[in-house]
*Asks:* 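My questions will all concern the structure given below.
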Amino acid sequence: MGKGLSPRVKALVRASVADLEPYDPGFSPVAINLSANENTHGMPEEVRRDMSVALSHVVENRYPAPLATDLREALAEWHQVTPQQVLVSNGGDEALFNLFLAFGGAGHKMVNCPPTFSVYRLYAEMVETPVVDVPRDPETLLPDIDAIVEAAKDAHLVVLTSPNNPTGDCIARADMARICEACPGIVLADEAYSEFAPAGTSSEPLLDEYDNLVVLHTFSKAFCLAGGRIGYLLGAPDVLAALSAVRQPYSVNSFSQAAALVAVHEMGAFEPVIEDIVHERGWLASELSKLPQVKVWPSSANFLCVRMPEAGRKRAELRDEYSILVRDFSTTPGLEDCLRITVGTHEENEAVVSAIAELLAKED
Ligand code: PMP
């Protein structure tokens, strides 16, 4: 794809695709995978049991409900909005892509706050959207809210990630309100990791006040369904209608709709899992911080952003010598020598801390 295209194909594809770098999750098979911010604790047993029953009742010879009616209604009830304020997608990624397809494009400025989730820029470029970067502070990695407000004033789309991937920080609700106020276009609050953040940090309550705000959620993280590919947006019905217009019909399959519906009905079962991940995040951060060569940024998500000498090499050594996979950000501008480590189970966290300590000790 992209840079690897043959000259013949390169001459045929649309210009914005010719030089695209495809998204690379950097996956390789390992014993301990802490690289993709999934829920490492796995589905609660009683939820898995009920999901299996629900899956066995799926009518597979018919197309799925196009707008995931039952799931949409359950999500609306949970978030206390109307079903018209909910749009279910094939993973959060599909919602993001459709957002760029509908609101991006040539001449439609998008504001991005790197370092952040690389998919925003990828989708923006795919549909010829001009991207204006408002970089984060190189030390704190926090976004520059005043500069975002300024840049938002003539933007069609502003994308804010809270907690941000890979830096882990949240955007204060008051700051999100300022940005919604300033922006004539759509403001996306990507809250894929919000279940791991302290109470009161979500921008959702602002939906009543700002009809240009859309909030993205996913079942891939807290709710253990990365394999099911279910995401959804909350927002004003007319904004979501534009996304319905560009989406592929039947993009969300019946099995995933059924599984996610069980997760919503049994939401309470995930609470202890989420609490344990938050507790483990604290443990992992404090143990890594004891290593003098390692800098750990505070995180409100299920991962930590850390800096250490020769991070790119350490990532390869962790994989090859310890069978532990973490994500390499050492070549990302602003994240030199940084790795992102997903919070694992206690045993996995112990393993990654002791492996990093051993690798660092070898260098002394
Ligand atoms: N937003 C952010 C910030 C993410 O990190 C991810 C997944 N890595 C997504 C959205 C999309 O998640 P999914 O497609 O699995 O719902």
Side-chain angles (χ1 to χ4, degrees), residues 22-27 33-40 43 68 71 75 86-101 110-124 136 141 143 157-171 176 187-197 201-204 214-235 243 247-248 251-253 256-257 259-260 263-264 270 277 281 299-305 325-329 332 335 338-343:
Y23 180 75
D24 175 13
F27 181 72
N33 182 355
L34 304 178
S35 73
N37 299 342
E38 294 132 331
N39 187 326
T40 47
M43 192 70 77
L71 179 58
L75 288 168
V86 182
L87 184 75
V88 180
S89 57
N90 186 334
D93 283 337
E94 188 204 8
L96 290 173
F97 185 72
N98 289 341
L99 203 63
F100 281 96
L101 201 52
M110 174 253 189
V111 176
N112 196 34
C113 306
T116 188
F117 189 34
S118 60
V119 156
Y120 310 137
R121 177 172 271 280
L122 179 72
Y123 290 168
R136 290 161 176 269
L141 300 181
L157 193 55
V158 177
V159 177
L160 301 159
T161 320
S162 183
N164 186 45
N165 173 12
T167 59
D169 57 286
C170 284
I171 296 196
M176 196 66 86
V187 177
L188 169 70
D190 182 340
E191 298 196 352
Y193 301 96
S194 62
E195 293 82 4
F196 304 106
T201 43
S202 170
S203 296
E204 238 169 86
V214 284
V215 180
L216 179 75
H217 286 291
T218 179
F219 281 79
S220 296
K221 313 296 178 183
F223 302 113
C224 299
L225 260 185
R229 312 302 299 124
I230 293 276
Y232 59 100
L233 281 174
L234 304 176
L243 298 178
R247 69 190 282 272
Q248 294 176 25
S251 61
V252 185
N253 74 76
S256 297
Q257 291 187 30
V264 177
F270 294 90
I277 291 171
R281 176 181 75 207
S299 172
S300 297
N302 66 337
F303 54 80
L304 297 177
C305 184
L325 195 65
V326 300
R327 192 64 161 271
D328 185 10
F329 281 90
T332 301
L335 292 178
C338 287
L339 301 175
R340 190 194 66 198
I341 307 175
T342 303
V343 176

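Whatever order the structure lists them in is the order used to number ligands and atoms, beginning at 1. Only heavy atoms go into these numbers, but all of them, side chains included; no hydrogens, no water, no symmetry mates.
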*Asks:* Using heavy-atom distances, let me know which of Ser220, Gly228, Pro163, Ala36 sits nearest atom 15 (O) of ligand 1.
*Replies:* Ser220
*Asks:* Which heavy atom of the protein is the closest neighbour of atom 3 (C) of ligand 1, given with residue, atom name and distance?
*Replies:*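 So the nearest neighbour among protein heavy atoms is Asp190 OD2, 3.4 Å.
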*Asks:* May I ask whether Ala192 places a heavy atom under 4.0 Å from ligand 1?
*Replies:*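 Distance cut 4.0 Å: Ala192 passes for ligand 1.
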*Asks:* So is Gly92 polar-close to ligand 1, meaning N/O to N/O under 3.5 Å?
*Replies:* yes
*Asks:* So which protein heavy atom does atom 11 (C) of ligand 1 come closest to, and at what separation?
*Replies:*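 For atom 11 (C) of ligand 1, the nearest protein heavy atom comes out as Asp93 OD1, 3.4 Å.
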*Asks:* Using a 4.0 Å cutoff against the non-hydrogen atoms of Tyr193, which atoms of ligand 1 qualify?
*Replies:*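 This gives 3 (C), 4 (C), 5 (O), 8 (N) as the contact atoms.
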*Asks:* Give me the atom names and distance for the closest heavy-atom approach of Asp328 to Cys338.
*Replies:*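 That closest heavy-atom pairing would be OD1-O, 3.9 Å.
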*Asks:* Identify the closest protein heavy atom to atom 9 (C) of ligand 1: which residue and atom is it, and at what distance?
*Replies:*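 In this structure, atom 9 (C) of ligand 1 has Phe117 CE2, 3.5 Å as its nearest protein heavy atom.
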*Asks:* Is there a heavy atom of Phe219 sitting under 4.0 angstrom from any atom of ligand 1?
*Replies:* no
*Asks:* Considering only heavy atoms, does Glu94 approach ligand 1 within less than 4.0 Å through its side chain, its backbone, both, or neither?
*Replies:* neither
*Asks:* I need the single residue from Asn253, Val252, Asn90, Val264 that forms a side chain to side chain contact (heavy atoms under 4.5 Å, CB included) with Ile230. Which is it?
*Replies:*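 With Ile230 as partner, Asn253, Val252, Asn90, Val264 yield a single side chain to side chain contact (heavy atoms under 4.5 Å, CB included), made by Val252.
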*Asks:* For atom 14 (O) of ligand 1, find the nearest protein heavy atom and state the residue, atom name and distance (0.1 Å precision).
*Replies:* Arg229 NH2, 2.8 Å
*Asks:* Enumerate the atoms of ligand 1 whose separation from the nearest heavy atom of Thr161 is less than 4.0 angstrom.
*Replies:* 3 (C)
*Asks:* Starting from atom 7 (C) of ligand 1, what is the nearest protein heavy atom, named by residue and atom, and what distance separates them?
*Replies:* Lys221 NZ, 3.3 Å
*Asks:* As an exercise, identify every atom of ligand 1 less than 4.0 angstrom from a heavy atom of Gly91.
*Replies:* 14 (O), 16 (O)
*Asks:* Search all heavy atoms of Ser35 against all heavy atoms of Val326 and return the closest pair with its distance.
*Replies:* CB-C, 3.9 Å
*Asks:* Can the ring centroids of Phe303 and Tyr193 be said to lie less than 6.0 angstrom from one another?
*Replies:* yes
*Asks:* Sort out for me which residue in Leu188, Val86, Val88 forms a side chain to side chain contact (heavy atoms under 4.5 Å, CB included) with Leu233.
*Replies:*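 Single side chain to side chain contact (heavy atoms under 4.5 Å, CB included) partner of Leu233 among Leu188, Val86, Val88: Leu188.
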*Asks:* Any heavy-atom pair between the side chains of Tyr232 and Leu71 that's under 4.5 Å?
*Replies:*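 SC-SC contact between Leu71 and Tyr232 ruled out.
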*Asks:* Under a 4.0 angstrom heavy-atom cut-off, which atoms of ligand 1 come close to Tyr120?
*Replies:*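 Result: 3 (C).
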*Asks:* Hey, what do you get for OG1 (Thr218) to CD (Glu94), rounding to the nearest 0.5 Å?
*Replies:*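 That separation rounds to 12.0 Å.
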*Asks:* With a 4.5 Å heavy-atom cut-off, do Leu160 and Cys113 have their side chains touching?
*Replies:*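 A side-chain contact exists here, since the closest heavy-atom pair is under 4.5 Å.
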*Asks:* Looking just at side-chain N and O atoms, do Arg340 and Asn165 make a donor-acceptor pair shorter than 3.5 Å?
*Replies:* yes
